[in-house]
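Reviewing the structure listed below.
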Amino acid sequence: MTDIYGYTAAAPLYRAAGWMQVIPLPEGRKTPPPAGFTGRSRKPVTDEQIQLWSQANPNANTGIVIPEGVLVLDIDAEQGHQVKADGAKGISELSQELGALPATWSSTSHGIDSPARHLFYKVPEGLAWKGGAIEGVDILQPGHRYSVVWPSIHPSGEMYCWYTPSGAFSGTLPHIGDLATLPWKWVDYLRKPDRVSNSTTLTPSYSREYDDRMCKAVNTFLNKTLANPASKGSRHDTTLQAVWALVNFAQEGHRGALDAINQLKPRFIAEVAPDRQGKEREAAREWASILSGAMEKVNSVQSHVDPCEQSKIERMTPGEFNEPTQNTVTSQMVESYPQQVQNVGTTPVQTGSTTASQVQNGSTESYEANKTSSSWRFEDLTQLASGVELPPTPTVFQREDGQGLFYRGAVNDLHGEPGCGKSMIAQIAAAQELKSSHDVIYIDYEDSARNVVKRLLLLGVSGEQIIGHLHYVRPSAKPSSPTSLGGWRETLDYADTATLAIIDGVTSCLAYAGLDSNSGDDIAAWYNTMPRLISACGPAVVLIDHVVKSKDNRGRYAGGSMQKLALIDGISYSVDMTKPVGKGVKGTIVIKSGKDRISEIEEHCAVSWDSNGSHLREAARIEINSTDPKLMRVTIARPNMMPSEDRQAKRDDFRPTGLMERISRMLEDSLEEPNQSELFKALKEDGSGARTAVMSKAVSLLLQEGFVSNRSGRNNRSIFKSVRPYRQIDDPKSDAYVDRMSREEASELDDENHLEI
């Protein structure tokens, strides 16, 4: 079975083992599942449907929808999670109360030694189950969620594998009858209690007026939390994040943050107690754990000025402050919760350290200039006008032909969907610089040092090079917070010699700074007080960002304000994984230029834009060979320069292939033949933000090319039905087409033809 890959090969094996609801998932991803085949009202998967899916994408990931009589415990490990508890530890503690869980079949992509995995058990049919066992352990059950299984590829690149009850790697699939039976004590604990609805006794929908004890930010945040107490998936998760955020608000000086925490406590206990075995007592212990965990994050002094009473620029570049000798937030917390908060230390600002105003003054030179001069000053243009000082040249992250892809002294960005390989691209660039004994700064809001170092070692960077030249930091506050100033100054010191600085997680970084990624003003303030201060010291700054979920609404820039694209003074790349990357496979990641401010890279990109109107030009193809478990081989190849009709297409030939596939799938799954209005309405309800003209264009192309047919229906309105499936990967005019050949592949084919002649 080790040579089997993809949904087409795996689906019949699962069906033979009793797993009938086998569904395809996008290559290298866990979502989205096919519409209508998951959830309580799911349609059954037939052999005919599997055949259609297999023809559309034979290499898709594989998922199994949980059947009746089976329950899966989804255990998260502590590593890699900022918020979730350690599920493996929690299950161990719960086992002391309920008895040990029997050994059973399990599935994971994290390796044989990882506690993070799916545990499969047989259970009685017809019972209703809770959404989770404890914090960090979710329940996969019939009608709710599905399990991604072998031979799927995790977004991290790892392959999912099955493990026997003894914990050994398995080369075969488990039959449902092979699963261990969940003990009755566990069944009673995990099932929903059979009780009469008492919703009328719960706390009513919360409505509160503006509280003058709290500043605007705290009032707004508290209202939002109380209005949707399970917005993060569960009340526990939502409350945990809310308490952490309020503690951070208190550190920053926001008025009334501690009062807001006091208001959350009774609400939380009242709402979760009915679902807890120990009722109010257990809910109170859970609250104490949440608060204690938040207090462990308190490690800085409190600001003396409420940010809500300052202007936006003042918030980003605060003035000088006196050096307090005691952590005000901690002392207030101890007074409020003396039994729950103990031994929380204080961290006064070091004597002689650079103040916030010195470090974050927005100068276009290095931060040293801020000590003696203002950022508002006219510049001497003599050298620039004479050509002595030229714009930055791209020297970082070089292709195999020597062409650099990032500008030093400028802000560059990589953006794309989750799991597309953005961080991997940045780490490949970092590996190049480290191998050349250049300094690299890695500011990480998304991952961990362990995972980053592991990837660099696989890329061939030596331990000595990592220790000597990689400067890694994982911040939990904005640079201008009191205890961050020393680290921020150290970052700028490293920037004077570094060639590359990576900021992994723009959205998280903005959130820590209390800024909105959809606000152009907030984006501008952040760019000028963090990325550009680093780039002014000389390195190529690379931002790693996400894109909006809807492909129809996606432009050339990262998700949020279009100001993100406007402020890039280097180059902006869209990242797309065209072939899955992971252990044991050869994958491909393509980067495409959406904007080149300096215009020294785009002339080395593909000759024309994509045909979908996105104004993206292919800049490089990164081939990643992970067939050797000890070494990842990377080739940064030139873009596909082959001319084709779609590359010559004009705007009039715009082809919305993503929307065409979505419409085709809808018609394939539709039980009735919809008219145009019904079809467009269904698209909008499904989350499409495409304009009516674009939807009409997509339908017209499907009709012209024989994928869809139409006939006259009620009131002489045209109704539509599917004739054959349309998929982007089969369309040579689509950017998602998988069989496009590079110039090298075409040359090899041409050589073979000459040999045959």
Side-chain angles (χ1 to χ4, degrees), residues 79-83 244 248 251-252 296-301 316 345 347 349-350 353-356 358-360 366-367 396 406 411-414 422-431 433-434 438-457 461 463-515 526-527 529-545:
Q79 62 267 26
H81 291 276
Q82 296 182 47
V83 176
W244 283 13
N248 192 47
Q251 288 181 237
E252 293 178 359
E296 290 177 2
K297 298 294 182 181
V298 177
N299 60 355
S300 66
V301 296
M316 292 301 297
T347 311
V349 177
Q350 299 176 356
S353 64
T354 305
T355 64
Q358 289 173 326
V359 176
Q360 296 205 3
S366 75
Y367 75 98
V396 176
F406 291 138
V411 179
N412 313 266
D413 100 315
L414 296 165
K422 304 183 294 293
S423 295
M424 181 177 287
I425 296 299
Q427 289 158 11
I428 291 171
E433 297 304 303
L434 293 171
H438 297 157
D439 286 348
V440 173
I441 298 170
Y442 204 113
I443 305 173
D444 194 354
Y445 292 89
E446 301 289 343
D447 208 340
S448 65
R450 183 182 65 176
N451 291 337
V452 171
V453 170
K454 178 182 177 182
R455 180 73 57 74
L456 292 173
L457 291 171
V461 183
E464 293 77 10
Q465 290 167 331
I466 292 174
I467 295 170
H469 297 285
L470 178 63
H471 309 292
Y472 178 94
V473 61
R474 201 179 194 291
S476 59
K478 62 184 180 183
S480 60
S481 65
T483 53
S484 295
L485 287 175
W488 177 231
R489 183 182 184 186
E490 188 178 19
T491 300
L492 294 175
D493 284 337
Y494 286 137
D496 283 335
T497 58
T499 56
L500 174 64
I502 298 164
I503 302 178
D504 193 346
V506 170
T507 300
S508 298
C509 185
L510 288 166
Y512 277 119
L515 301 176
W526 178 75
Y527 261 82
T529 52
M530 190 174 184
R532 282 189 175 169
L533 278 186
I534 299 175
S535 68
C537 299
V541 174
V542 176
L543 309 179
I544 300 179
D545 208 348

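In terms of heavy atoms, Thr529 sits closest to Trp488 at O-CZ2, 3.8 Å. Residues Lys422 and Leu414 share a closest heavy-atom pair of O-CD1, 3.7 Å. Of all heavy-atom pairs between Val396 and Ala540, the closest is CG2-CB, 4.1 Å.
For Asp444, the side-chain hydrogen bond (donor to acceptor under 3.5 Å, both in side chains) criterion is met by Tyr472, not counting sequence neighbours. In terms of the side-chain hydrogen bond (donor to acceptor under 3.5 Å, both in side chains) criterion, His471 has no residue partners (sequence neighbours excluded). With sequence neighbours excluded, no residue forms a side-chain hydrogen bond (donor to acceptor under 3.5 Å, both in side chains) with Ser535. Under the side chain to side chain contact (heavy atoms under 4.5 Å, CB included) criterion, Ala501 pairs with Ile441, Ile534, Pro539, Val541, sequence neighbours left out. The side chain to side chain contact (heavy atoms under 4.5 Å, CB included) check on Ala431 picks up Leu456, Leu459, Val461, with sequence neighbours excluded.
For the atom pair OG1 of Thr507 and OH of Tyr445, the computed distance is 12.0 Å after rounding to the nearest 0.5 Å. Here CG of Leu434 is found 12.5 Å from CD of Glu464. Values are rounded to the nearest 0.5 Å. In this structure, Thr497 OG1 and Asp439 CG are separated by 4.0 Å, a value rounded to the nearest 0.5 Å. Here CG of Asp493 is found 6.5 Å from CG of Asp496. Values are rounded to the nearest 0.5 Å. Between Ile544 atom CD1 and Cys509 atom SG the span is 12.0 Å, to the nearest 0.5 Å. Distance check: His438 NE2 to His469 NE2 gives 9.0 Å after rounding to the nearest 0.5 Å.
At a cut-off of 3.5 Å, with distance as the only test, no side-chain donor of Glu446 or Ser423 sits close to an acceptor on the other residue.
Pro531 has its side chain within reach of Leu543: a pair of non-hydrogen atoms, C-beta onward, lies under 4.5 Å apart. When side chains are defined from C-beta on, Tyr442 does not count as touching Val473, because their heavy atoms never get closer than 4.5 Å.
Distance alone, capped at 3.5 Å, is enough to place a donor-acceptor pair between the Arg474 side chain and the Asp447 backbone.
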Stepwise, does the side chain to side chain contact (heavy atoms under 4.5 Å, CB included) test hold for Ile443 with Asp504?
CA-CA 6 Å; Ile443 305 173; Asp504 193 346; over 6 Å; no
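Tested against Val542, the residues Leu500, Ile503, Val411 include a single side-chain contact (heavy atoms from CB on, under 4.5 Å) partner, Leu500.
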